[in-house]
Amino acid sequence: MIKDITLGQYFPMHSFVHKMDPRMKLLFVTSFIVMVFLSNNFISLGFCLLVTAFVIAISKIPLKTVLKGLRPIILIIAITSILQIAYNEGGIVLVDIWRIKITSGGVLTAVFMALRISLLIVMSTMLTYTTSPTSLTNGLDRIFAPFKKIGLDFHTITMIMTIALRFIPTLIEEVDKIMSAQKSRGANFEQGNIIKRAKALIPLFIPLLFNSIRRAYELANAMTCRCYNGGQGKTTMNALKFSYRDYIALGSVAGVIASVILLNIYCGEYNAEFTFGITV
Amino acid sequence: MAIIKFENVTFRYESDEEGVALAPAVKDFSLSIEKGEFVAILGHNGSGKSTLAKLANGLLLPEKGRVLVDGMDTVNEEDDIKIKQTVGVVFQNPDNQIVATIVEEDVAFGPENLGIEPTEIRRRVDSALKTVGMYEYRKHGPHKLSGGQKQRVAIAGIIAMEPRCIILDEPTAMLDPIGRRDVMNAIKRLNRDLGITVVFITHYMEEAVEADRIVVMDDSRLLMDGTPKEVFADATKIRSIGLDVPQTCQLSELLRADGIKLKNDLLSIDELVENIDALLKGK
């Protein structure tokens, strides 16, 4: 069971989106996020929603899975919406009971904000759903490679990320083993109050920490034996290459930017009244 | 010229406490390993055999004496990469040697560090994985493999750098019998088919018997050096340092004690059977 865990949130599939270069995906997602923030009316934002829907459709990832990614931020969306409804006064008064006053401007702003946050999260999770951690770190490594000239060594950071991902399953297995070993000696991880349970974890974490340090030492030796010297003059077997897909994506990035800007300009007046309330 | 040459090497680990000197892990050790040899190094825990592996490619530097890899002194830092490329080391725990999250990317790690062309890396990775019989697993995550499979991936990662010598430090100690057999077969192929010098550190007698030459370490020193037949002929000496002799030796020894005239250097089961058969027919 424990061996079946997925690394990150990657859903391996064969689709246009999966086969895109990770660098292009990063560019696409970053510019999309900027565009969502720049959208100042419902039509621009609606366009962003359409783009998201299109990306989900061609990625072949089930909608249910995508929406699951929104679960952790439901609370944030709810709080933002409530605050918008409570404090935004504009448009027609819809409800006015005792001290609660709900206006159309407030409701529209709440919907707008909720949609904006959801789009940001959905598009970012699409990135991790369709890109394996290895190719993501590979992409980051390549994007930040030029920064080495000004003294920022991103290679070390991406190497750390790769090793961390590599060792997550190993450490989970180890936790499982230590837990069994401690349980067979009478340790109890499930009962008692929170302090008691936290205390019970000490005999779990000390051996885990000790073993991890030893692992790190052995891994360092193995890496030295394989001529690792901090990534100087390193080549890559699976060199990243732009394909026709990435040029299509590049065109789409330009298209999205242009569309949002044009929609902002031409439809901005359409809802001028509450637009003022919602521009961040 | 020898591929690895230890010349009166002494090495001691640093103590955690200041002013306390530890006993040397390797004491006045001299050994010359020739190209193409298959050498097994035997010794019980703490005899200094793992330290030898780390001394042989410059991971550790000797306190006294020197270690020469293909004529290069391991003390010279400018030869460091060359030395590590010539002598690859595979360690005991396969989990702690695998760097990447995909098998083929891990095998590519060494050649990538050496700055080799991508097409050439691809060729090396494929041929290394085929040599150890792990080609069909090239796209798998290492955490889904068995211990023996992981160890073979680790070996492939070293072969991909095309070293002329591979040192394996108890590579089978953490494996089940099937994993151990698969790893052993892969190692024999390296020596026989690719002509790579193999130094195999172990405490399993049955594995040591497969080598051309056995070096026995005891108490940080070299105790015996010879062919398997020469080394195991002296069963009492092997036992005196806390090691066992192979089962065939044990059996022929017991039979000899009972007055049956068998030779004392019978290592394979076939040889033993042949000898007993000849004796029976002779009677």
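Letters go in sequence order (proteins before strands), and every chain restarts at 1.
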Distance only, no hydrogens: is a donor on one side chain within 3.5 Å (strictly under) of an acceptor on the other, for [X] and [Y]?
{"X": "B:T86", "Y": "B:D70", "result": "no"}
{"X": "B:S47", "Y": "B:H44", "result": "no"}
{"X": "B:S32", "Y": "B:K5", "result": "no"}

Please classify the contact between [X] and chain A as side chain, backbone, both or neither, with a heavy-atom cut-off of under 4.5 Å.
{"X": "B:F91", "value": "side chain"}
{"X": "B:P163", "value": "neither"}
{"X": "B:D95", "value": "both"}
{"X": "B:I83", "value": "neither"}
{"X": "B:I102", "value": "side chain"}
{"X": "B:V90", "value": "neither"}

Counting heavy-atom pairs under 4.5 Å with chain B, which one of [options] comes out on top?
{"options": "A:T170, A:T137, A:I163, A:T224", "value": "A:T224"}
{"options": "A:K234, A:M237, A:E218", "value": "A:M237"}
{"options": "A:G230, A:C225, A:A222", "value": "A:C225"}

- With respect to B:E104, which candidate in B:H140, B:R138, B:K139 satisfies the side chain to side chain donor-acceptor pair (under 3.5 Å) definition?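 Of B:H140, B:R138, B:K139, side chain to side chain donor-acceptor pair (under 3.5 Å) with B:E104 is met by B:K139 alone.
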- Note on the structure: Tested for side chain to side chain donor-acceptor pair (under 3.5 Å) against B:Y137, the lone hit among B:K144, B:R152, B:Q149 is B:Q149
- Query: Cation-pi between A:R215 and A:F167: NZ/CZ under 6.0 Å from ring centre and within 45° of the ring axis?
  - Reply: no
- Heavy-atom neighbours of B:E34 CD exceed 12 at 6.0 Å: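 Yes - once you tally the heavy atoms of other residues, nucleotides and ligands closer than 6.0 Å, there are more than 12.
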